[in-house]
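Note that the structure is predicted; figures quoted are calculated from it, not measured.
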Amino acid sequence: MPFGSSSFDHDKVGYLTVEQALADYAVLVTELKIQFKATQSKVVAFGGSYGGILSAYMRFKYPNVIDAALAASAPIYMLTFKGSQREFFFSAVTEDFLNADP
């Protein structure tokens, strides 16, 4: 966790969102391409299951950074899009987390 045991403190929990993770990854990929003089190189995001959702979402959100995505076994139809009828995924995952035994 980025802030150790205080990662879930109210003032820090905003950094743990999917959107923030994707933004961080977009910055990282961009900086690595510059650092390694690979600005013309293509980038493919890939993952399975939840990682697959993130790879697809990364491609949708940052098409200027990610050139392709492979989402293997990803439940992409459960991904939340504002205004859609499929907004239950993250609330279900959060509920599961909150009810987990420590």
Closest contact, heavy atoms only, [X] versus [Y]:
X	Y	value
R59	A69	CB-CB, 3.7 Å
M58	I66	CG-CG1, 3.4 Å
G47	S55	N-OG, 3.9 Å

Practice item. Check the surroundings of atom CZ in F46: do more than 12 heavy atoms from other residues, nucleotides or ligands lie under 6.0 Å from it? Key: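 No - once you tally the heavy atoms of other residues, nucleotides and ligands closer than 6.0 Å, there are 12 at most.
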
**Study point:** Derivation of the side-chain contact (heavy atoms from CB on, under 4.5 Å) call for L22 and Y57
**Key:** CA-CA 8 Å; L22 296 178; Y57 197 22; 3.2 Å; yes

Point to revise | Test item: D67 side-chain N/O and V43 main-chain N/O as donor-acceptor pair under 3.5 Å | key: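 Between the backbone of V43 and the side chain of D67 there is a qualifying donor-acceptor contact (under 3.5 Å).
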
Check your understanding: Is the backbone of Q20 close enough, under 3.5 Å, to the side chain of T17 for a donor and an acceptor to pair up by distance?
Key ->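 Such a contact is found between T17 side chain and Q20 backbone.
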
Check your understanding: Can you list the steps and then say if Y50 with V18 is a side-chain contact (heavy atoms from CB on, under 4.5 Å)?
Key -> CA-CA 11 Å; Y50 182 66; V18 171; 3.2 Å; yes

Show every donor-acceptor pair shorter than 3.5 Å between a side-chain atom in residues 25-41 and any protein atom, with sequence neighbours excluded, or say none if there are none.
unit_1, atom_1, unit_2, atom_2, d
T30, OG1, A26, O, 2.8
K33, NZ, S41, O, 2.9
S41, OG, A38, O, 3.4

